[in-house]
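Remarks on the structure that follows.
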Amino acid sequence: MNTRIIDLPKHEGNTVTVQGWIYNIRESKGIKFLVIRDGSEFCQAVISQQEVNEQTWKDAEQLTQESSLAVTGKVVPNHRDRFPFEIQVQNIQIYQIVKDYPITHKEHGVDFLMNHRHLWLRTPRQWAIMRVRNRIIYAIHQFFQEQGFVQMDAPIFTANACEGTSTLFETDYYGTPAYLSQSGQLYGEAMAMAMGKIYTFGPTFRAEKSQTRRHLSEFWMIEPEMAFYDLDMNMDLIESMLKYIVHAVLTNCRTELNLLQRDTSKLQKLVDESFIRMTYQEAVELLKSDKTQTLLQKDLENAQQQTQELLAEQKQLQQEHPSAKKGRKAEIDRRLQEINATLKDLEELMRNIPQWMKSAKEFELGNDFGGSDETVITRHFEVPIMVHRYPHEVKAFYMKRDPKDSRWAMGVDVLAPEGYGEIVGGGERETDEQVLIQKIQEHNLPMSAFEWYLDLRRFGSVPHSGFGLGLERLVAYVAGLHHVRETIPFARHYNRLTP
RNA sequence: UCCUCGAUAGCUCAGCUGGUUAGAGCAUCUGACUGUUAAUCAGAGGGUCGUUGGUUCGAGUCCAACUCGGGGAGCCA
């Protein structure tokens, strides 16, 4: 019976067989260290010439990166490695010897890696990300199922653009145009009126030509919708859901977060401390405040100082380079590349900050926040911020107006700290048929397409709320990633349809 | 659509104000090393510098257009 690497601790001292692939080989005279991966984990297998027969050693000499094999040997502790056990190999069985595997153990550019995404997924970092993603998905289902929500699916083909704003993918549906869904929201409301509390979990499509680290053309969204929930109940649910998910990842994905070098103290804060809740008006005040200007000024000065320090280090290393020995030379080259990359980032930051300061200072009440404004607001805090009661003009037609002040719509956006931006958007829905009809007209949407939706207000209309959670943005935040394209197995975005 | 940065070896990059035969590390191949952690050490092969045109005695380097890509704005999760 074959063993998975993750189960090796249960077999200490025993002889087992593991099937997998060679992730890396290091060797010295008469001894080979294989790093084997089988999907469940990565571990070292040691082949010593003295301890195997001639044929096994001969076979071992042919092994290359990503060759597939089964190794049989004794499980012993290994305290030097991340994974605490290794296999002392007695025998190997080769499935395939690989030639010229394209991904090496050095750094690669994003474009190259994305072109080899089908192979890139095999690396430890991607392995860790996919496991975090999996745990988040599992936690989402657990959370909602435990609370009596029913998972239901909204259609992917739709006859119209539901909110009438973003650009959608058009397809041919038996001769008439159809669009790929940009949100299951309206269907979610219908399902909530049938089942009480529901959530959808499915793909969403946006045809916007966004070329940023936060956007995908195809991404996964979770959209809960609850009958008899007001905005405050909605926010409570969002907060407890995010705490639940992050707690689940913190307790079950230690290895993965460690491998990703995620600072877990920041995630722990999200679990332990209350989220910040502020109205749009308060957020605008904060944005325009001197406090914001001071904060950004300080960020700018830090960036400038760091730049000076790096330039000094760069100069020193360049002087040392000609006289350095080979090993040291390589070290210097590595560091110089690192410095160059950081300098480019800092340069961009220093270009951006003055614009952010200007945009924050000149922000006008009534406008929607831009990406930079969101970033600036989140820089003040270390936990997620729920901004609620936005100007109704900037929100979708189905959003309920604040009964106390009709300027505002009862919407809420959750902004993640550390610059990850909006991860949740939601709100309380309009319940009045006449108000909705008026809103649909104001937005120039085709009334006929919304007849079924208006039925929900004609037959037993009740207060209800819901929200949309962007899975990839949440994964990026929890895993501490620079870009959402690493959070999904095969990313689809502008200029990327393959592999 | 706009702004901005970029394209040099299989991969990641260096190449300053234009000046002999274009550099490094990794990967590949050969050799050394019995506990390695992106192992190390010695050696070898590998490039019409994104495309087209221009300036010049001379262009990887300067100029223009184009192609492709990164990041950002808009829009959003």
Side-chain angles (χ1 to χ4, degrees), chain A residues 23-35 42 44 46-51 64-65 78 80-83 86 88 99-116 123-124 163 165-167 182-183 185 204 206-217 219-223 318 321 324-327 329-334 336-338 340-341 344-345 347-349 351-352 355 359 368-372 374-375 394 396 413-416 420-426 467-477 482-485 487 494-496:
Chain A
Y23 175 66
N24 195 15
I25 303 173
R26 289 180 285 267
E27 58 195 334
S28 213
K29 189 176 174 66
I31 190 162
K32 288 177 187 297
F33 303 94
L34 316 176
V35 179
F42 295 73
Q44 179 162 281
V46 186
I47 309 182
S48 171
Q49 192 171 10
Q50 289 181 344
E51 289 172 35
T64 55
Q65 199 188 344
N78 171 15
R80 308 180 201 204
D81 216 346
R82 180 179 64 73
F83 191 74
E86 67 178 21
Q88 299 276 3
K99 280 214 166 67
D100 300 328
Y101 186 67
I103 300 182
T104 67
H105 290 119
K106 286 285 165 176
E107 275 180 34
H108 295 280
V110 176
D111 197 47
F112 176 84
L113 289 170
M114 284 304 285
N115 284 333
H116 295 83
T123 60
E163 297 173 29
T165 48
S166 39
T167 327
Q182 61 145 359
S183 165
Q185 143 90 53
T204 301
R206 305 271 167 95
E208 285 139 8
K209 293 179 178 175
S210 306
Q211 187 77 329
T212 84
R213 63 187 70 173
R214 301 187 307 279
H215 288 87
L216 293 169
S217 300
F219 62 97
W220 288 71
M221 193 151 70
I222 296 89
E223 295 182 284
Q318 278 165 350
H321 194 267
K325 284 197 170 175
K326 198 170 178 188
K329 234 174 199 162
E331 207 174 294
I332 291 174
D333 284 342
R334 260 201 300 275
L336 282 175
Q337 277 189 29
E338 213 175 276
N340 265 334
K344 272 181 191 165
D345 282 353
E347 202 179 297
E348 197 189 322
L349 190 67
R351 257 204 315 271
N352 283 336
Q355 285 170 28
S359 158
D368 202 358
F369 295 126
S372 70
E374 285 182 356
T375 308
V394 304
D413 283 352
V414 181
L415 309 179
Y420 283 94
E422 188 182 342
I423 50 172
V424 172
F467 61 90
L469 167 68
L471 179 64
E472 284 75 19
R473 284 192 186 173
L474 180 63
V475 175
Y477 166 63
H482 190 65
H483 203 298
V484 288
R485 72 183 144 219
T487 65
Y494 188 52
N495 285 332
R496 171 69 58 188

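First the proteins, then the strands, lettered A, B, ... as listed; each starts at 1. Values in this document were obtained by computation on a predicted structure and should not be read as measured data.
Put simply, CD1 on I103(A) is 13 Å from C1' on A27(B), counting in whole angstrom units. Counting to the nearest Å, the P atom of U34(B) and the NZ atom of K29(A) are 6 Å from each other. Between D100(A) atom CG and A27(B) atom C1' the separation is 9 Å, expressed in whole Å. Per the geometry, CG belonging to N352(A) stands 13 Å off P belonging to C5(B), to the nearest Å. What separates CZ of R26(A) from C1' of U34(B) is a distance of 15 Å, to the nearest Å. Rounded to whole Å, atom P of G10(B) lies 21 Å from atom NE2 of H105(A). Rounded to an integer number of Å, the gap from CD of Q211(A) to C1' of C2(B) is 14 Å. Computed from coordinates, the Y101(A) OH to A38(B) C1' distance equals 15 Å when rounded to whole Å.
Between the C1' atoms of G71(B) and C29(B), the separation comes to 39 Å (whole Å). Taking atom C1' in both U34(B) and A27(B), one finds a spacing of 26 Å when rounded to whole Å. Nucleotides A59(B) and G53(B) are separated by 14 Å at their P atoms, to the nearest Å. With both ends at atom C1', the span from U17(B) to C62(B) equals 11 Å, rounded to whole Å. Across A77(B) and U52(B), the matching P atoms stand 45 Å from one another, rounded to whole Å. Nucleotides A24(B) and A14(B) place their C1' atoms 7 Å apart, quoted to the nearest Å. Nucleotides U21(B) and C5(B) place their C1' atoms 33 Å apart, quoted to the nearest Å. For the P atoms, the distance from U20(B) to U67(B) is 34 Å, rounded to whole Å.
For H215(A) and C76(B), a side-chain-to-base donor-acceptor distance below 3.5 Å is present, hydrogens and geometry of angles not being considered. The base of G35(B) is not paired with the side chain of S48(A) by any donor and acceptor separated by under 3.5 Å. In this model, a side-chain donor or acceptor of Q88(A) finds a partner on the base of G35(B) within 3.5 Å.
Residue-nucleotide stacking is present for F219(A) and A77(B), judged by a side-chain ring centre under 5.5 Å from the six-membered base ring centre and planes under 30° apart.
For G70(B), neither phosphate oxygen OP1 nor OP2 lies less than 4.0 angstrom from any side-chain nitrogen or oxygen of R496(A). Close to G72(B), at under 4.0 Å from its OP1 or OP2, lies a side-chain N or O of R213(A). Within the structure, a side-chain polar atom (N or O) of R485(A) is placed less than 4.0 Å from OP1 or OP2 of G71(B).
For the pair V110(A)/R485(A), a side-chain contact is recorded, criterion being any heavy-atom separation below 4.5 Å from C-beta on. Side-chain contact check for Q44(A) versus N78(A): some heavy-atom pair is nearer than 4.5 Å. Taking the side chain as every heavy atom from C-beta outward, R206(A) and F219(A) approach each other to under 4.5 Å.
Looking at the side chain of N24(A), the nearest of the listed nucleotides G74(B), G71(B), A38(B) is A38(B). Comparing A77(B), U12(B), G35(B) by their closest approach to the side chain of E422(A) singles out A77(B). For F112(A), the listed nucleotide lying nearest its side chain is C11(B); candidates were U36(B), C11(B), G71(B). Candidate nucleotides U34(B), U1(B), U36(B) were compared by shortest atom distance to the side chain of N78(A), and U36(B) ranks first. Residue E208(A) places its side chain closer to C75(B) than to any other of C75(B), U36(B), G70(B). Set against A77(B), C76(B), U37(B), the side chain of M221(A) has A77(B) as its closest nucleotide. If you check U34(B), U36(B), A73(B) against the side chain of T212(A), the one that comes closest is A73(B). The nucleotide whose nearest atom lies closest to any side-chain atom of R80(A) is, among C76(B), G72(B), U36(B), U36(B). Among C33(B), C75(B), U36(B), the nucleotide with an atom closest to any side-chain atom of R214(A) is C75(B).
The partner of U4(B), taking Watson-Crick or G-U wobble pairs whose two distances both stay under 3.5 Å, is G70(B). Nucleotide G25(B) forms a Watson-Crick or G-U wobble pair with C11(B), both donor-acceptor distances falling under 3.5 Å. Nucleotide G58(B) forms no Watson-Crick or G-U wobble pair with any nucleotide shown, as no partner meets the under 3.5 Å limit on both distances. Using N1 to N3 plus N6-O4 or O6-N4 for Watson-Crick, or N1-O2 and O6-N3 for G-U wobble, each under 3.5 Å, G53(B) pairs with C63(B). With a 3.5 Å ceiling on both atom-pair distances, the Watson-Crick or G-U wobble partner of U30(B) is A42(B).
Nucleic acid contact for H483(A): sugar-phosphate only, since backbone atoms but no base atoms lie under 4.0 Å from a heavy atom of the residue. Heavy atoms of I423(A) sit under 4.0 angstrom from primed sugar atoms or phosphate atoms, though from no base atom. Contact annotation for L216(A): base contact, defined as any heavy-atom pair under 4.0 Å involving a base atom. Contact annotation for Q355(A): no contact, since no heavy-atom pair falls under 4.0 Å across all strands. Nucleic acid contact class of E27(A) (heavy atoms, under 4.0 Å, all strands): base. E472(A) comes within 4.0 angstrom of no nucleic acid atom, judged by non-hydrogen atoms across all strands. Among the protein residues, V35(A) comes within range of no part of the nucleic acid, since none of its heavy atoms lies under 4.0 Å from any strand. At the heavy-atom level, D413(A) lies nowhere under 4.0 Å from the strands shown. G421(A) comes within contact range of no nucleotide atom at all, as no heavy-atom separation falls under 4.0 Å.
Rounding to the nearest 0.5 Å places CG of D100(A) at 9.0 Å from OG1 of T64(A). Rounding to the nearest 0.5 angstrom, the gap separating the OH atom in Y420(A) from the CZ atom in R213(A) is 9.0 Å. In this structure, Q182(A) CD and M221(A) CE are separated by 8.0 Å, a value rounded to the nearest 0.5 Å. Distance check, rounded to the nearest 0.5 Å: CD of E208(A) to NE2 of H215(A) gives 6.5 Å.
Considering V46(A), L34(A), V35(A) in turn, V46(A) is the only one that fulfils the side chain to side chain contact (heavy atoms under 4.5 Å, CB included) rule with E86(A). Of the residues L216(A), V424(A), V484(A), the one that meets the side chain to side chain contact (heavy atoms under 4.5 Å, CB included) test with R473(A) is V484(A).
Below 30°, between 30° and 60°, or above 60°: for F112(A) and H116(A) the angle between ring planes is between 30° and 60°, a tilted geometry.
Heavy-atom distances to RNA chain B give each of G470(A) and S210(A) a nearest nucleotide, and the one nearer the 5′ end belongs to S210(A). If you find the closest nucleotide of RNA chain B to R473(A) and to P102(A), the one lying nearer the 5' end belongs to P102(A).
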